[in-house]
Structure formats: structure tokens, C-alpha cells
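These notes are about the structure you will find just below.
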Amino acid sequence: MSEPLRLGIAGLGTVGVGVVKIIRQKTALLTARTGRDVTISAVCARSRSKDRGVALTGYAWEDDPVRLATRDDVDVFVELMGGEDGPAKAATEAALNAGKDVITANKALLAHHGQALAELAEANGAALRFEAAVAGGIPVVKALTEGLAGNDVTRVMGVMNGTCNYILTRMEDAGLTYDEAFAEADGLGYLEADPNLDVGGIDAGHKLALLASIAFGTQVAFDAVDLQGIGSVTIEDIRTAADLGYKIKLLGVCQLTGRGLEQRMTPCLVPAISPLGQLTGGTNMVVLEGDHVGQIVLRGAGAGEGPTASAVMSDVIDLARGTRVSTFGVPAASLVPAKPAKSVTPAAYYLRLQLLDKPGALAKVAQVLGEAAISIDRMRQTAHDDAATAPVLIVTHRAAPADLEQALTGIAQLDVVEGTPVALRIEQP
Ligand code: HSE
């Protein structure tokens, strides 16, 4: 039998503990599946004394992740600390410089430094893998790099932040306001330490940028993702969308066209009867489209101990078997710089405006839309307590995104409109 594969695990939070449990519980299975033992040499975390509900006996303890990453008895550095810079980056670089393979669940690190780290890995003959960084337990990195490797990928879409999907689902199902649903998610421990990573769409944007790189052979371009969080979505929007046969989702879409790479992570309306529309709670869904395979849909837990540890183990098992795939599916030097492009694909839009309730106000809005060549499909003014202004909800016919932008700028400048209008794209996945 081959030499054991020896891991050094940095970070013993939910995911790290999950990985330790799998390795302790499935010793024989891992050996059978890889032809060698998979062992843990050393671990590292902030607090040594904390009871984590799993035995750490037999593992050396390091206080410094860089020391852990470069130990002689560590073949694979497993980075489960998080954070786009700081110790996670320092230890990952140290491991790669020492020629050690790295497995990480850190989407922020890769979204910001993925190209440089992939190049560093290759320069040192090391592997850098990140199945657990995108959509938790869903094996989407493997699906793109291996399962669909015979396709030109035409589009990737998905709901990739379970916390946002939980909040939107609770608003719809329980009639909670955004603030109430946010507080509930917070109470359940769903939110990241910086909640804006979740509700601001940043975490999901990181994941989309990583998938775009694999799907289209482009360098990770997180800064080019058109990002909008869910904080502006109201219960009114959700109810109106439901009446029209739609659900509101924080939806990521990326595609490569002749004009460049489109990447957006924004709240959208999707048909309630579509797989994305039926996705409830903290679950994730990724929709992949390839020229030969057509459309495939992957659905599963996007976070949590078991699912995320399962994804880490997929990379561990690959490395134990000697399966070594480039970080983004092709050698890092051949990834081309992304040329960001805005979508020109027409879509219907849902608009919400707060309008002065006086004669002629609506006519002014209709005129701006007309001047931008946008036709109104449906419209509703809801009952309101405020005597001065009224919420007006408009669904347009299909319009070019540039025309919509022009109209929004015009509407925002009207003296009969209060605040900033909200516009959500209606996607037909
Ligand atoms: N906070 C993320 C989510 C999980 O809610 O999906 C980690 O990326």
C-alpha cells in the first residue's frame, strides 16, 4: 500500500470539525477508496482549550497556521480558517511555496487572489483545490472541471447563498419583513460574522466569480461582478411577485459572449414553477448549461458541517488517489484576463416606485418609460396609509438593459418620485 496522505488542518470551526469527524469515522472506507491511509498530523485553531465535541488526540497542535502549513509531516494543508487576507493567505502561500498541496473552503481568498495562488501552486508543482468554497456540499467544481469537461459551457446560474434564500423564503412563507427574517436568520447562526457578506451578495458573488473562471477559462474577476444584495427587497415586492407567478431569488448568472464576460449576482424574479423558483430555505442550486449536455441542475445544502466537510473530503480523496486537476481546470498561465461586459439580453423588469399621489404623477413616469422605448405590461398601485405618496409597482414588457437604465435615471429625477426606484430583472431560466 502507498504511503499515508497526511493532512494539516487549520481552522476547527464547523467545517474543520466535520472533516476531523469524517476522517475518524471512515478510516477503512477512505483507505479502500484511495488505496492508502488518510491521516491527520496536526491541527491549528484560535483556542486550544475549547470543547469541539470531537477528539483531537494523536494530532500535534500548532498555534501558528504558517508553521502547520510547512511541517515536514504534512502533505496537504487544509485551510478552513476563512478571510481573504491575513493568516489564511499567509499560510496558503507558505504551504504552496513549500510544495505542499492545499485544499481550501475559502471563497473570499480565491475570489481576490485566485490567479496568483493558482500560479504559485503550479510554479511549485502543488495542487490547489476548492470544492468546498462554492455551494457547500454540491460538487459543482468537479462537475465543471471534470463531468462537463467535454462541453463548451454556455451559461452558469444559481442561488449560491443559503442565508439569503432563507431570508427571502421566510418573508414569503411567514409574511415576515426583511428585518424580521434577517433577525431570525441571525438567531439561528446563519449569518457570516460580517452579515453584509451574505445579504450584500458578496459571498455569492465570490462563488460566481470562481465558477465563471472554470466555466470560461478566464481569470477570476470578482471586481467585475455586477453585485446587488437583498436589503432592498420588501415584503410588498415578494407578494406582488407571488401574485404574478414569480419568486424573488438572489440569482447569479454568468456567460461569455462575443462582447465579453457577463457576471451578475442580483435579486431577480424567476418563475415560481421553475426549479430555481421552488428552491426554499437555506438550500443552494446551480444550473449549468453546456453545448452538448444541455442544462443540468444541481441542488443541495450550501453550508453546514456535513455538506461542507463532504466537499473538502472530495478534494482530499482526489489528492490521495493522485487525481490532480488544475485549480481552475486549465493551467493558470492559460487563463485569459476577463473582459467584463454588461448584459444586452432584453428582459422584462419589475419596478417599484414611491410616487406622489397627485394628478399627472403616473403620466410622467409613463412618459419616461415611453421615451426609453419601454412598454408597460402590468401595473398596480397598492392601498396605502400615507396620504402623500403611494407605492406603484410596474412590470414591463421585455426591454434592453441599457434602455431600462436610461429610464430609471429619468424616473429617479422626476419631482413626483420619492427615493430611489427599485428594478428587478425577470429571468426565464
Ligand atoms: N454564508 C454562506 C451561505 C455559506 O449562507 O450560503 C458560506 O459561504
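Values below: all heavy atoms of this structure, side chains included; hydrogens, waters and symmetry mates excluded. The shown structure was predicted, so the numbers you read here are calculated from the model rather than taken from an experiment. Order of listing sets the numbers, starting from 1, for every ligand and every atom in it.
- A side-chain N or O of Asp85 and one of His113 form a donor-acceptor pair less than 3.5 Å apart.
- The residue Leu191 has no part lying near ligand 1, judged by heavy-atom distances below 4.0 Å.
- Residue contact check: Lys107 has heavy atoms under 4.0 Å from atoms 7 (C), 8 (O) of ligand 1.
- At a heavy-atom cutoff of 4.0 Å, ligand 1 is contacted by the side chain of Asp203 but not by its backbone.
- Among protein heavy atoms, the minimum distance from atom 6 (O) of ligand 1 is reached at Gly162 N, 2.7 Å.
- Salt-bridge check for Arg71 with Glu62: passed, with a basic side-chain N closer than 4.0 Å to an acidic carboxylate O.
- Put simply, part of Lys207 is less than 4.0 Å from ligand 1, judged by heavy atoms.
- Residues Lys247 and Glu172 are paired through a salt bridge, judged by an N-O separation under 4.0 Å between the basic side chain and the carboxylate.
- Considering backbone and side-chain N/O atoms, Tyr190 never comes within less than 3.5 Å of an N/O atom of ligand 1.
- Which parts of ligand 1 touch Asp198 is read off a 4.0 Å heavy-atom cut-off, strictly below it: atoms 1 (N), 2 (C), 3 (C), 5 (O).
- From the protein, the heavy atom lying nearest to atom 5 (O) of ligand 1 is Thr163 OG1, 2.6 Å.
- Centroid-to-centroid, the aromatic rings of Phe328 and Phe130 come within less than 6.0 Å.
- For Thr31 and Asp37, the side-chain atoms include at least one donor-acceptor pair closer than 3.5 Å.
- Taking the six-membered ring where tryptophan is involved, the planes of Phe222 and His206 are tilted, since the angle between them lies from 30° to 60°.
- When each of Arg324, Arg129, Lys142 is tested with Asp318 by the rule salt bridge (Lys or Arg N to Asp or Glu O under 4.0 Å), just one qualifies, namely Lys142.
- Among the atoms of Asn284, none of the N or O lies under 3.5 angstrom from an N or O of ligand 1.
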